[in-house]
Amino acid sequence: MHAAYSAIFEPGFFASPQVHVAAAIGGLVAIVSAITGVFTVMRGQSFGGHALGDVSAAGGAGALLAGLSPVAGFVGLGIAGAGVMDLIGVRRLRGRDLATGIVLGTAIGLSALFLRLTTTSGATTGATQHVLFGSIFTVPAGTVPVVGALGAVAVAAIAVVYRPLLLATVSPDVAAARGIPVRLVGLAYMAALAVSVGLSSLAIGAILSTALLIGPAAVALRLTRRTGHAVGLACLVGVAVTWLGILLAYDSFYWGTSRQALPVSFFIVALVFASYLASGVPAVRRMVR
Amino acid sequence: MTTDELTMSATAPILDVDQVSVALAGRQILDQVSFSVAAGEFTGLIGPNGAGKTTLLRVILGLQRPGSGRVTVLGRHGSLRRQPVGYVPQKVLLDPDMPMRARDLVALGADGDRYGLRLPSRQRNEAVREMLHAVDADRFADARVGTLSGGEQQRVLIAQALISRPRLLLLDEPLANLDLRASQEIVSLLARIASEQQIAVLLSAHEMNPLLPVLDRVVYLAAGRAASGPVDDVITTETLTALYGHPVEVLRVHGRVLVVAGDQPATTGTD
């Protein structure tokens, strides 16, 4: 019994302060991503969500270069990117692709510039790795309340516009005819999306933030018939894969003899992929229904 | 033009469209369109594709500002208007994987414009159940809307539009993607609702034949201009020739109406 326990939880897992911070940030980020992600998938804006990840990467890299807080960089530029996408025309279906493509390209270019300047000017090694692929074990404990507060704002925004957003997703014309300010509601959602992607860039990296945004939501959409249930299930899946990913990454230090931990982001993304595959299995579907 | 005056009743019409003109990108879409609709009336908005039917519906809904003229719904017009108008659009985004049951979509018709999360309400659930029953959609109330057939989705969308108890129901090409049988079912459902609940129904279609048994009146749109009145007054060779601005002929074959221009049918009636 004890042997099995220590095989699952390698020594010091529950005592490690880094694990505590990682679990707190990972859990918060997973919940915020799952909630916004359900709407992202329903609105068919996964590509837009990914582009915002690239924008946050540029923000994170810029913040490193300027010596600012990475959270401010990731989230701040993400919101600006969401605004630009709305201006270019993210509301129209064709305009949406265009807006996303233009913003995404520009953002990656800026990231390349900022990261090169950072790695050549300062002593910060691994900046590229941190910004693009995350560094959840190195986040300072003081970041947790900031992540919690920003996440709460994003979730509150979604809660306020919940019904109008759903109606506008199904039919913008019906929503507009009912007097709903469709563009404003869409903008509130885009801002929540930007915050959510910014936060998850901090945790699992800008490039991989899409996985935590889309994966759990896509799993939930396959398994439930109701929007509210999909939101709840996406949160559960998101938190489960994130915490399990943290555990596996911690344990991986003790695997083999190399004494080198594998990246958390890899485990989280692998688990997201596995759960998406599992959600397609009929037996799993019946179990949840 | 047989723009008949509001002589049918002493009460004001539910909908009054007065001299409405719309130009989009320099092109005249609607040219001085006038007609009115009374309670309990079933009106067909008929015309070929591109005649301006959708634009006219958008003007009535307040989604498109007319260049000139005005629309009055229940005696009110302009931005003061906050009258419930039920609307069934031509296109809705209902993917099969959308996590939304038929009953959830109908509930959105009741409170989709409210902010904040929805609290449980027995009264709302009951209203949704009643509405699904009224459109004969009880069987698939708990199915995902995206997995329903075109006709079933149309019923759910009608229930969604009706749950806010509008006096006026607008439908944009609701029969466009339905087979003959589903079309007939939707048409008789709408006719029943119009007379039972005294709702004015304005339905756009490019093909008028499935509607002929139930139409009280017709608004015929061609080249942005409209003629309105009882079917037999409007769908005539003289009226439609004046409307199209070139010779067309109205043929009645086995109870069906065909509008032909030269050798080419102007509206499809040959299916």
Side-chain angles (χ1 to χ4, degrees), chain A residues 35 37-39 41-46 91 93 96 155-185 188 214 217-234 276 279-280 285 288-289, chain B residues 54 57-64 73 79 81-120 140-147 153 156-157 160-161 164 166 168 170-172:
Chain A
I35 293 171
V38 167
F39 285 95
V41 176
M42 284 175 78
R43 292 169 70 83
Q45 290 187 330
S46 304
R91 284 154 292 117
L93 208 58
R96 184 179 287 180
V155 171
I158 296 273
V160 168
V161 299
Y162 191 83
R163 283 176 282 180
L165 184 60
L166 272 181
L167 192 55
T169 299
V170 177
S171 171
D173 275 354
V174 171
R178 289 291 293 269
I180 294 168
V182 173
R183 183 167 184 186
L184 215 58
V185 165
I214 304 305
V219 170
L221 253 62
R222 276 181 152 187
L223 297 179
T224 63
R225 277 182 290 181
R226 304 170 65 167
T227 317
H229 292 186
V231 169
L233 186 61
Y276 184 70
S279 70
R285 295 180 155 208
V288 179
R289 287 213 177 114
Chain B
T54 298
L57 291 179
R58 290 176 59 83
V59 170
I60 296 170
L61 284 165
L63 298 177
Q64 169 73 49
V73 179
S79 56
R81 179 153 66 81
R82 266 280 164 262
Q83 295 300 329
V85 175
Y87 178 45
V88 178
Q90 187 173 3
K91 277 192 196 128
V92 283
L93 176 69
L94 293 175
D95 279 343
D97 66 350
M98 196 78 111
M100 202 181 275
R101 300 167 302 171
R103 80 170 70 247
D104 300 326
L105 191 61
V106 176
L108 273 183
D111 61 8
D113 54 355
R114 306 269 179 83
Y115 291 87
L117 294 177
R118 175 185 284 152
L119 299 173
F140 42 86
D142 288 314
R144 280 181 184 235
V145 268
T147 61
Q153 283 188 2
V156 176
L157 289 168
Q160 187 201 40
S164 56
L168 173 64
L170 307 182
L171 303 100
D172 195 0

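Residue numbers start from 1 in every chain, and the chains themselves are labelled A, B, ... in the order their sequence lines are given, proteins ahead of strands.
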Please classify the contact between [X] and chain A as side chain, backbone, both or neither, with a heavy-atom cut-off of under 4.5 Å.
X	result
Leu108(B)	both
Leu105(B)	side chain
Arg58(B)	side chain

Any [X] side-chain heavy atom under 4.5 Å of [Y] side chain:
X	Y	value
Asp104(B)	Thr227(A)	no
Leu167(A)	Gln160(B)	yes
Pro99(B)	His229(A)	no

Partner residues of Ser171(A) under the side-chain hydrogen bond (donor to acceptor under 3.5 Å, both in side chains) criterion, sequence neighbours left out:
none
Audit row: Leu165(A), Tyr115(B), side chain to side chain contact (heavy atoms under 4.5 Å, CB included) steps and yes/no
CA-CA 9 Å; Leu165(A) 184 60; Tyr115(B) 291 87; over 6 Å; no
Using non-hydrogen atoms only, which part of Ala230(A) is less than 4.5 Å away from chain B: side chain, backbone, both, or neither?
side chain
Provide the full list of ring-ring contact (aromatic ring centres under 6.0 Å, His included) pairs with a residue in residues 159-184 of chain A, sequence neighbours left out, each pair given once.
Phe39(A)-Tyr162(A)
Per-residue tally against chain A (heavy atom, under 4.5 Å) across Ser164(B), Gly112(B), Ala143(B), Pro96(B) peaks at Gly112(B)
Of all of Val145(B), Leu94(B), Leu117(B), which one pairs up most often with chain A through heavy atoms under 4.5 Å apart?
Leu117(B)
Could you grab the distance from atom CG of Asp172(B) to atom CG of Asp173(A), nearest 0.5 Å is fine?
9.0 Å
Minimal non-hydrogen separation, Arg178(A) against Gly109(B), with atom names:
NH1-O, 2.6 Å
Between Leu63(B) and Ala176(A), which heavy-atom pair has the shortest distance, and what is it?
CD2-CB, 3.3 Å
Counting distance only, does the side-chain N/O of Arg163(A) pair as donor-acceptor with the main-chain N or O of Gly116(B) below 3.5 Å?
yes
With Arg225(A), which of Met98(B), Arg144(B), Met100(B) fulfils side-chain contact (heavy atoms from CB on, under 4.5 Å)?
Arg144(B)
